[in-house]
Each structure stands twice: as C-alpha cells, then as structure tokens.
A.B. asks: 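What follows is a single structure, and I will ask about it in a moment.
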Protein chains: 6
Amino acid sequence: MTGIVVRHRPDVAAGQASALSALGVATVHEAQGRTGLLHPHIRPIQQNVAVAGAAVTVLAQPGDNWMLHVAVEQCREGDILVVACTTENLDGMFGDLLATSLMARGVRGLVIDAGVRDTAELRRMGFPVWSRAVNARGTVKATLGSVNVPVVIAGQVIRPGDAVVADDDGVVVVPHEDIDTTIDAGQKREANETSKRERLAAGELGLDIYDMRPKLEAMGLRYIDHLSEEKNS
Amino acid sequence: MTGIVVRHRPDVAAGQASALSALGVATVHEAQGRTGLLHPHIRPIQQNVAVAGAAVTVLAQPGDNWMLHVAVEQCREGDILVVACTTENLDGMFGDLLATSLMARGVRGLVIDAGVRDTAELRRMGFPVWSRAVNARGTVKATLGSVNVPVVIAGQVIRPGDAVVADDDGVVVVPHEDIDTTIDAGQKREANETSKRERLAAGELGLDIYDMRPKLEAMGLRYIDHLSEEKNS
Amino acid sequence: MTGIVVRHRPDVAAGQASALSALGVATVHEAQGRTGLLHPHIRPIQQNVAVAGAAVTVLAQPGDNWMLHVAVEQCREGDILVVACTTENLDGMFGDLLATSLMARGVRGLVIDAGVRDTAELRRMGFPVWSRAVNARGTVKATLGSVNVPVVIAGQVIRPGDAVVADDDGVVVVPHEDIDTTIDAGQKREANETSKRERLAAGELGLDIYDMRPKLEAMGLRYIDHLSEEKNS
Amino acid sequence: MTGIVVRHRPDVAAGQASALSALGVATVHEAQGRTGLLHPHIRPIQQNVAVAGAAVTVLAQPGDNWMLHVAVEQCREGDILVVACTTENLDGMFGDLLATSLMARGVRGLVIDAGVRDTAELRRMGFPVWSRAVNARGTVKATLGSVNVPVVIAGQVIRPGDAVVADDDGVVVVPHEDIDTTIDAGQKREANETSKRERLAAGELGLDIYDMRPKLEAMGLRYIDHLSEEKNS
Amino acid sequence: MTGIVVRHRPDVAAGQASALSALGVATVHEAQGRTGLLHPHIRPIQQNVAVAGAAVTVLAQPGDNWMLHVAVEQCREGDILVVACTTENLDGMFGDLLATSLMARGVRGLVIDAGVRDTAELRRMGFPVWSRAVNARGTVKATLGSVNVPVVIAGQVIRPGDAVVADDDGVVVVPHEDIDTTIDAGQKREANETSKRERLAAGELGLDIYDMRPKLEAMGLRYIDHLSEEKNS
Amino acid sequence: MTGIVVRHRPDVAAGQASALSALGVATVHEAQGRTGLLHPHIRPIQQNVAVAGAAVTVLAQPGDNWMLHVAVEQCREGDILVVACTTENLDGMFGDLLATSLMARGVRGLVIDAGVRDTAELRRMGFPVWSRAVNARGTVKATLGSVNVPVVIAGQVIRPGDAVVADDDGVVVVPHEDIDTTIDAGQKREANETSKRERLAAGELGLDIYDMRPKLEAMGLRYIDHLSEEKNS
C-alpha cells in the first residue's frame, strides 16, 4: 500500500473534538478500557496544551518527508496530522514552514514518530507538536509513502478519521466508531472523579472510599509495627 | 517481604528537611561523600522546585498501583512518597486523585521509578513529582506489594525514614543516621563555595584557587602553542 | 594526544557569531549541505536561547572534570566550551562554579556530552547549556585529558576555533573555513523561506510552490477515493 | 476486548508453512512489499532455526503470564504462539514447563514481546523462541488478558491465523489472505536471486547487473581520483 | 566508605554452591520469593555455563579498574568476583590477565556492571563472565574504590559473602543467611516441577493441573467462537 | 561532499593486516594510546573471527543502500567495507548478495553502523560482519551518498585506507600513518603480557607485579578486618 493517497475519510465533529480534549488523554484512555495510548516516547514540545481532532495519516520513509507535503492538501479544519515511519527514525521531518501551511488549513496539531525542528518558532506560532525527538537533521524528498492509510505508530493502530487526543500526558487514539461511547464513558468517569476528589481533599482515604480494606485483608496484607517483627516471625 | 505494611518509622524534623532542601541535591550528594544519588532517569515534571522529607516507601508490581493507596494512610505531614517497582515499568501509576489525597495529608512530593499522569494538573496543584516517565497508561489493583520496607530504586537503597531531597537536578537519599552530619558538611561546603564563587566571578581561575598547576605539571600536562608542534615532536 | 593544552586557535568574529545564531541550528545545518549536526541526545537545559561562538574543546575521562578547569584559562570572550568524553558518561561534570568562572571570561555557553548539575541556578544565571543529561553525580580530578585538540562529540568532529551554533533544536558545528560561505548560504535560504512562508500562510500548497506534482506522478503516486478501491484492484 | 478467548481462527497449511520458512524472513518481508517485519528488538535465543506457522495470539498484562496458560489449550499442531503485552515489560513470562506443554501440542515456536527464562533448557529441548529479553524474573497470575484477538506487537498487527515466519534475522507476519501470493512472489524473487548470486560470485558487479550506472550519473554521482580535487574545485 | 578493603567475610560452602548452581537462576529466584534477580542488562558472554559462589564485592569508579587488582588478593577458592560501578560505565575493566590471576586462585567467575574484553580468549580459558557490555575500551588506575563493602548492582544489594548464582538466564543473589532455606525451597520446587513436566509432556493442560479454570471463570473470562460475537454483543 | 566516489586511497599491506588481526582489538587499542575504538553498539554476528584490512568507506542515507553497490567496485583484495549512515538507522542494508559480490573481490569483512540480514547465510559463507543490529528491513536505492570520504562512525573518524581491526571484542581503527608504530607497540605489549600471564598463572599478584601497594597506601587505601570497624571509627 505504498504510493497511495486516499481522499475520503470520516470527520470528527467539532463538538466531539472539544469534548475529548476537555477530558484529556488519561481519562479518554481509561474511558475506552485502557486502550489506544501511544508509547510514551512520543512527547509534547510544549506545556499546557490539549487538542483533539480527526487523524490524517502519513506513512513515511526514514529521512524522507516528501509525503508530509502531499498530506497537507488532504487536511481540513480541525484535523491532526499523524506521521508514522516505516522504520525507527529521529530525523527532523517537520518545521515551521510545514506548520505555517497546516495552520493555514486549520490543522490543530502534529503527532509524529520522528523528529521535528524549529521548535522555538513552533511554540511561538502556537502550533502544538508531539514527537519522538527534537532534531534539526534535514530530510530528502525521494521516495513515495502513503497518505490516509491505516498506520501503526508507537504501538497503536491509527486509521484516517480516528480521533486523536493529545495533551501534556501524551497521545491517545479513539477508533472512529467508538468516539461517542468514549466521550460518554469519560464524562461519567469525570463526574465520578469530581466527588472522589472532594472527599480525598477532605482527608478521606481511598482505602475507604473504594472499600479496599476487605480485599487487601483477604489477599493477606499484614500490618506490623516494626520490620523486625517480620524478620523474627 | 511482600504483603507487609510497616507502621512505625523514623521522622525527619522540619528543620532538617528545610536545611536539606536549601542545600539542594548536588551539595547534599557531595556532602555525604558522593553517595546516595538516584540514577538520572528519575526526572522532575516541574522546574524550580526543591523539597526534602522523610521517605515512606512502596514496593509495587509492574502495572499495579494498589499499594500506593495503602501507602497514603501511612503518610504524615512532611513526608515524601517513594515508589519502587519489582521490575522496570513505565505505566502511569500516579495521577491527580492520589496527589489530592497526599496533599490533604501534608505530603511534600513523590519520587517514583515508573510513570505518572495528569502532569499538567499536578503542576497546577503544586504537587511536585520526580518520575521515570510521563505516561497515561492505566494500572490494575490486583497484587500485593509492601509499604515501608527498604527498597532499591534507581540504583540506591532507600529505607523508610531516610531523608529524600529532590530538586531540578534529581533526587538524593540521606540515610536517617547521617542527616545531621550531612547538613553540617553541606553547610560548610556551601560557605566555602560562596567565597570561591566571588573569586571566580572576579576572574580568578580555579587553577589558581585550587592550586592545581603543580599537580597538573607533575602529571605531565604540556602546554604547546600549536597542535603541529606535537605532531612534529 | 592526551595531556596536551594547545594555546592558539582561530577566532570566530563577533559578526560571524551573531549571524550564525540569528540563522539558527536548522538553517545552518541545511546551509552547509546537511552536515555538522550533533546527535539529538545533546539537549538544552533552557528554552528560547540561541548562541554561537568559537569552540574551545576538551577531551575528558569519564567521571573526571579536571580538564574543564584547565580549559577555562584558554577561553576568551565569545567562546563556547565544548566537552567530549573518551567514553559514554553521564556524570555531572559541570555546575554553577565553573559557569561563574566562564561567565567572568565572557564565554557564551557550554556543549557537553556528559551530565551537568545546578541546572536551576544555571538558568537563573543565564548561562546556557546543552548536555547529554542532568545529573548531580560528582566527579574526580585524577586523570589528564586534553584541551584544544580535535574531538569527536555526538557524531561530529569539532576542532578548536570551529563555529558552534546552539539553540532549542540542538547543536551544529561549522568548520572554521566554511563560516562565511555558510552564513551566505543560510541568509539566502532564509530570504527564500520568507517568501515561501507568506505564500504558505496564504493557503498556497507546497505541492505547487515546489512544483512537486509532476515528479510525484512520475514516481507513481496514485490518488484514490476510498481504500477499498485499492484492495479490490 | 479484555477477558476474551476466541476459539476459531484460520489455519496455515503445512505446505504454506514450510514454503514460508524455506524462504526466510528477509525474502518474505521483501516479497510482500517490505511490510510485516517486527522491530529488531525481538531476537532469537538460538541460531540456525527457521520456523513458520499460524499465529495464536495472547495479550498479557505486564508481569502476568496467566493468559499464556489459557492460550496453550487453543494451540494446535503447527501453530506459533505470539505474546504481546499491554505495556513494555521484560519479565520472564515463559520457561521450560510452558514449552513442554506447547511441544506436546505440536507448537513450533514462541514469539514474545517480553522476557523468557530457562533458555539453556529451551535450546536443549529444541523449542525455538524469539523474545525481547532473557530474564528469570517471575510473574504473577492475577489479571485477565485475551487470547486470539488481534494484537500490536513490535510495531506490527498480528491477527490469529496470520502466518508468522521467524529465523535468525527476526520475525515477519504475513496476513492470512496474502499467504499464497507472498509465497509466489518470494519464490520468484529467490529464483531471480539465484542467478544474480552466480553472476556476482563470478565477479560481475551489481552496478552492471542492475544497470545502475546511468541513473547514478543522472543523479550527479561524480568519480574523482583524490579527495583534494573536490576541495579545490 | 571509599578506600576500604574488608578482609573478613562469610564463605559459601562447596555443597551450598553446587546445590545452588544445579537449581539454576530461575528456580533460585522463585525459591526465595521472586527476589534477588539482577537486571537483565547483565548478560553472559558464554552459553551453557552455571556457577555459584561467595561474592567478593568491588565498588569501582567509571573507567578505572584499579580496585579489581586489589580485590584479587581477597579472593579464595570458590568465590565469584562482583564488580559494581559508582556510575553507569561500559569500559572494558576486565580481560584475560585478570582472569588468569583469578583462575589461579580458584575463582569461579565474574559478574560486572561494566564492560569486559578479550572475550574470545575468556571463553577459550573457560572463565565465565556476566557483564553489561563487551568493550575493549581501556581503563586507568587513578582513583580508590572499595573491596568487600555492600554494593548495589543492577538493582540488587550484594554483600560480601552472599551467594551469587549465574547461568544462561542471568544472575541472582541469595543473602548469606537465606542460603540453606533457599536451597531447600528450590529443591522442593524442582521436585514438584518434575512431576508437572511429565504430566505436561503427556498432554495434560496447566489449566487443569493448576486448577485455574474456576478462578478464570470467576474473574469473568469468556470463551467465544468468533470475535464478531463480541463486537455484536 | 555528497555524491562523490574517490578512486584512490592508501592500501594496508598484507603483512600489516595479519600483524594487526593477530594482536586483536584490545591490544591495538591500548597500543595506540587507548584511541580508535568504535562504540560497543557495533557487535559481531559471529564468534572467534578476527580480521584486519584497509577501510573502504561509505556514507549512506538512512534506509538506502545504493552507495554500497557503488562501493563494491572500489574494493580490492584485503579491504574491509565500512558503512556509516548520515543518521541513526537500523535497516537491513546488507545481505548475502552483497556479501557474495564482496567475497568475489577478496574483501575481508564488513563494519556497518546499521542493520544486516541473511545472518545465518553470512555465517555459513564465512563472511564476517560487525553491525549495529540484525534486521531484515529492506532499503531503497534513491539518494546519493559518498564512497571513500572520511566518515564518523560509532564515535570514531575513519578515512579510506586507514586500517580497521575487528574481532569478538569489537572494532578499532588505526590511522594509516600510525600502522607500523602501532604494530610495534602492540607486539611489545604482547611480549610483556606473556611473561605477566605466566607469573599471574603461577599465583603471583598483580598488586606485586605492578608494584601497586605503595601508591595505594599513599592514596589512603585502608585494610580493615570487619566493616563494623569502619562504622565505629
């Protein structure tokens, strides 16, 4: 499936995207059953930014960013560009010119399993990026890859039109068909957490709130006063 | 020693803790003879924060944060929670709910040889964390570990009640019985450094202040004008 | 070539240095034909700082920072201290005292393939550092290395007097004899990018600006509406 | 999809398996368009062994090998057990007892993105293993995973019934529906390579056999006698 | 505790050592409650060798093997030399000359958290080594460390006189006071495994032998025929 | 300097090569003052092989092995092909066909800072390889690099015609102009080691042979009977 650009793919509604970014990566990951999280080697180059949007996917050769230029044309308002590589590569495939072009099209951010450069300028421009490395190493434009095919990136499958959520904690993908149920489950989880947070702030213990003591006792947890008791036993 | 919670352990006095955090990690490490420093893969998620306190230790299974909930109850004002893992693990064992609970008890920070999540919120809350990774990956609550037993974490042994000092440079442990002598040695070192700093700022050379020239010459250090002299010799 | 300090080496003019730091690492790297970039494991400890200057080089033993003290004396206004190690090492070879001494001599920054400490203080002092690690681990002063000999650091050869440019993207070296041609090429590249940036911001596509479409078509890039078309073909 | 065991999945015919293992990993990878190769951190614990078979997949928690015991029952003659983990883990999930059980069922080998132990015994038994690590670290049996669901392992998707090929070079997956076309393409490739090998052994150059010279010249490759010619130009 | 050589330390009896090496690393690790295992970055340079003996410990500076020469004199028949480093280091601290000297004293092997060289010769001599790296990089003799003090190595504390067991799976330490109980527990475990191995070889399933089915069912494990059943549910 | 093939370069005489390979990597590295050793991530795919020869160098793009085909033509009897990459890359750039071609020209081996494949076949053919990875991942032929220009590989500069020595311990480079003096120094070192080896085998201590005791005492090394003495002091 190399050398293909697929034009059509599902969209993520603006309301869905804002709901997902408000929930954040950790909650979305939990809400869909602890799946979808990209490996933590993908890190933000900025702090205090959360975005969500529809994935436009790129599969690139190592050291070759040609397909990123092809992908720009396929991007729409609210998308997130997702760049996987056929093999591990840290080269700086993306910089401020491509970011300018993506911002002109309303793209919300970049997730890339390779390097990026012009990072100070990207922060100034307000274009958020999650990458494997910061690296000024230049790339060639010599070999075809593909745009809008399913890719495996940082241990997850991302298909065009899946929702991608990214914040300070990393990046999570939500399969397109699971977006609404995930938002639902996430918002319930959050409501539940709010009351938990208040009780915890007031000094109640998770051991009691979650009723963990009986199970811990059944598993054999023992409380002793001094370690020497154990050693003498 | 799995499945044990030890209730009693030594405290670090408030004055000891503030003296240690004022000295900082590098000075404390030097003051106790260049020992106690955790491996630098343990990194802060925030900047410009220095804390010190008594270690409450946790030994956890990979991907399982149950014992952190157990440990909260053992924490007191001024403690630092220290979480080691039986095996290398990057999962997100800690987030804003546990932090809320620890803050309610007056805990000063977390040192964890695994991942943490909700990092933007943790920074907003002002709860400082030193961790091996930022990772939203959720964990289970299925297997016992222990609380307040000695642990090996990032290359160092930490026992409950040892003093832990953490700042932008990393984390150092001071054995409980060495706290006062370490503070003493650290404050002398710092006093000595202040005068050195002034002389260095005034342009004096370390070569002269530390009287290094004779020893360097004895070791055979040669000054030449051009590298070609060496090659022709 | 161990145990040698070379006194004479070329300078980088103030105008050359300011031109290079204004261009930035990514542009300088491209301008000299995509060479000279240090491996991205060398990372800044601060943000939004760009410097350039003449390299004063140090070759140090692992865990031994003696030669850094020797090197200070060889530094002049506008230099950048470059520290390579005979073998991989993360120890904290550099801290605020050495920085004080270097600032007193007008040195613009440090590039070190090892660890540094006192990082909060270094940021406060405004002394910029690019390093392999943040690490408080102390070092000894026991073994000779060399100062102002050519070193291999992070995959690049740096000779004394070469220009070193460092910013948020990393570090690049420019061989002394190529400084002017690199500045020239970089400034032309930047002028060219400015007009590109405007066209991209206005919504024009790189595909058209760089006239990529014919070559992509010749290479066989195919546009399809749905992935299923490909699978059925 | 946690906590599920799927009973039915496609088989790989004995003839298909032997054809694939005869081709070997590198040729199969090329034959299907350079796809399907697992990341090279998956390494054999033995030399000179090549196997192929139908994947029985396991998704396991870190530090927990319970699902491997569940998976054994789903294995048939000629299968290869494929174990992915929900998160990076090096624990020793597999040893000689599980291997004995798998050999009793005719399983041809194990591919695991975690650790294995009893490696000397596994080699003596002749049960081949490709793993991320050799590690005696024991695991618990506390948390459900799944058997025979699609998994992402070492950068590739493997579905139950896909063909897995493993030899000294690593591991490659062939989607079930592509097995026959891949064998075809691989055998053609090999036939072609045999004649190439003979010509190369006789001293002919790849430059001529593959007719590379015109394209290299068109790209601008220049032959010079001494490097100094280039520097003077 | 730098600059100290401790002369007296407990011995491991020849019978204890042979019992431990016969059990092997994985069984010993399990027999003492899944503790004591060194991180798997410590790897053997040979295959099919298992040894056990009393630890003689060394704490060395990075790039400095002076203390290994000091340690040789402290070694006795049946010992295993254990070398930790104050900081991560891959230098080749050990080669065939030191091995010759150790063999002359009856030392059974080396465990080192650094590099070794002359590996082909070490295999020819039959001196077994477990190390972090193979590396010919030479070291200096300039700085004191210590001999026969407790060290932290690859995540474990080893004290002089503790039993060290090493085979193809890695290295495990048994605290001196636990040697006999560990041998006991290990031999029982092995006896138990022998009968298990026979039943498994005969085709019985671990699911039945270990009576796992009821607990799996209670945890909610579901068997389905096709994955589509799950997706439709 | 991309896109250049340099035809002329110095040779290494057959006698020089056999002298160097007989000395081995560790001795050659020591003999030239502990320089020239490649980083230990470059590992042999075979055991018990030592070679030496003149370097033919290649600088390749990541994921692109075109220049290896160009380099074959520049190889002569007794050469060693040395492949560096413009950026970190693990792709399988080399396999049995290229090895067949190199063997036809009398090339003695390959040193490559990337991946290789067909490793079982390469061992069968007796063509020795030192590489960064074993990886079947295929490469393209799309971008020019250079042949016989100086390269930086695994932390060392190698120029065409330098002597490369490789064995089970790794790879070392000897600058062409230093070959004879290095052989001389290495042979003296080896003669010296032979007598040392005999004395060590007879039970003499390195402490005495090298007369280390006075210097250790001067440095402050203390011998104590029990660790408790130190703690009480």
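Each chain gets a letter, A, B and so on, in the order the sequences are listed, and its residues count up from 1. All values derive from a computational prediction rather than experimental measurement.
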A.B. asks: Does B:Asn135 form a side-chain contact (heavy atoms from CB on, under 4.5 Å) with A:Leu37? I'd like the steps, not just the answer.
C.D. replies: CA-CA 9 Å; B:Asn135 191 354; A:Leu37 192 75; 3.2 Å; yes
A.B. asks: What part of B:Met125 gets within 4.5 angstrom of chain A, counting heavy atoms only: side chain, backbone, both, or neither?
C.D. replies: neither
A.B. asks: With chain A, which of B:Asp118, B:Leu102, B:Val72 has the greatest number of heavy-atom pairs at distances under 4.5 Å?
C.D. replies: B:Asp118
A.B. asks: Find out whether A:Arg197 and B:Leu97 are in side-chain contact, i.e. whether some heavy atom of one side chain is under 4.5 Å from a heavy atom of the other.
C.D. replies: yes
A.B. asks: Do B:Trp66 and A:Leu216 come close enough that some side-chain heavy atom pair is under 4.5 Å?
C.D. replies: yes
A.B. asks: Against chain A, work out which of B:Asp96, B:Val116, B:Leu90 has the most heavy-atom pairs shorter than 4.5 Å and name it.
C.D. replies: B:Asp96
A.B. asks: Which answer fits A:Arg199, side chain, backbone, both or neither, if we ask what part of it has an atom under 4.5 Å from a heavy atom of chain B?
C.D. replies: neither
A.B. asks: Can you tell which part of B:Gln74 gets under 4.5 Å to a heavy atom of chain A, answering side chain, backbone, both or neither?
C.D. replies: side chain
A.B. asks: Can you tell me how far apart CG (A:Leu227) and OG (B:Ser146) are? Round to the nearest 0.5 Å.
C.D. replies: 9.0 Å
A.B. asks: Just so I know, are the side chains of A:Glu30 and B:Arg117 near enough to count as touching, which here means a heavy-atom distance under 4.5 Å?
C.D. replies: yes
A.B. asks: B:Ala99 versus chain A, heavy atoms under 4.5 Å apart: side chain, backbone, both or neither?
C.D. replies: neither
A.B. asks: With rounding to the nearest 0.5 Å, note down the distance linking CD1 in B:Ile4 to CD in A:Glu229.
C.D. replies: 10.0 Å
A.B. asks: Can you check whether B:Gly138's main-chain N or O pairs, donor with acceptor, with A:His29's side chain at less than 3.5 Å?
C.D. replies: yes
A.B. asks: Counting C-beta onward and ignoring hydrogens, is there a side-chain heavy-atom pair between A:Ile224 and B:Val5 closer than 4.5 Å?
C.D. replies: no
A.B. asks: Contact part of A:Glu193 toward chain B, heavy-atom cut-off under 4.5 Å: side chain, backbone, both or neither?
C.D. replies: both
A.B. asks: Calculate, to the nearest 0.5 Å, the distance between atoms CE and OG1 belonging to A:Met219 and B:Thr143 respectively.
C.D. replies: 5.5 Å
A.B. asks: Check whether any side-chain heavy atom of B:Arg124 lies under 4.5 Å from a side-chain heavy atom of A:Asn48, and answer yes or no.
C.D. replies: yes
A.B. asks: Counting heavy-atom pairs under 4.5 Å with chain B, which one of A:Gly24, A:Gly203, A:Ala201, A:Ala202 comes out on top?
C.D. replies: A:Ala201
A.B. asks: Rounded to the nearest 0.5 Å, what separation is found between the CG atom of A:Asp225 and the NE2 atom of B:His8?
C.D. replies: 4.0 Å
A.B. asks: Anything in residues 151-178 of chain B with a heavy-atom distance to chain A below 4.5 Å? Please list those residues in order.
C.D. replies: none
A.B. asks: Between B:Val147, B:Thr139, B:Ile45, which has the largest tally of heavy atom pairs under 4.5 Å with chain A?
C.D. replies: B:Thr139
A.B. asks: Return the option, out of B:Arg9, B:Arg123, B:Lys141, B:Arg105, with the maximum number of heavy-atom pairs under 4.5 Å with chain A.
C.D. replies: B:Arg123
A.B. asks: Is any side-chain heavy atom of B:Arg137 less than 4.5 Å from a side-chain heavy atom of A:Arg34?
C.D. replies: no
A.B. asks: Count the heavy-atom pairs under 4.5 Å between each of A:His41, A:Met212, A:Arg213 and chain B, then report the option with the highest count.
C.D. replies: A:Met212
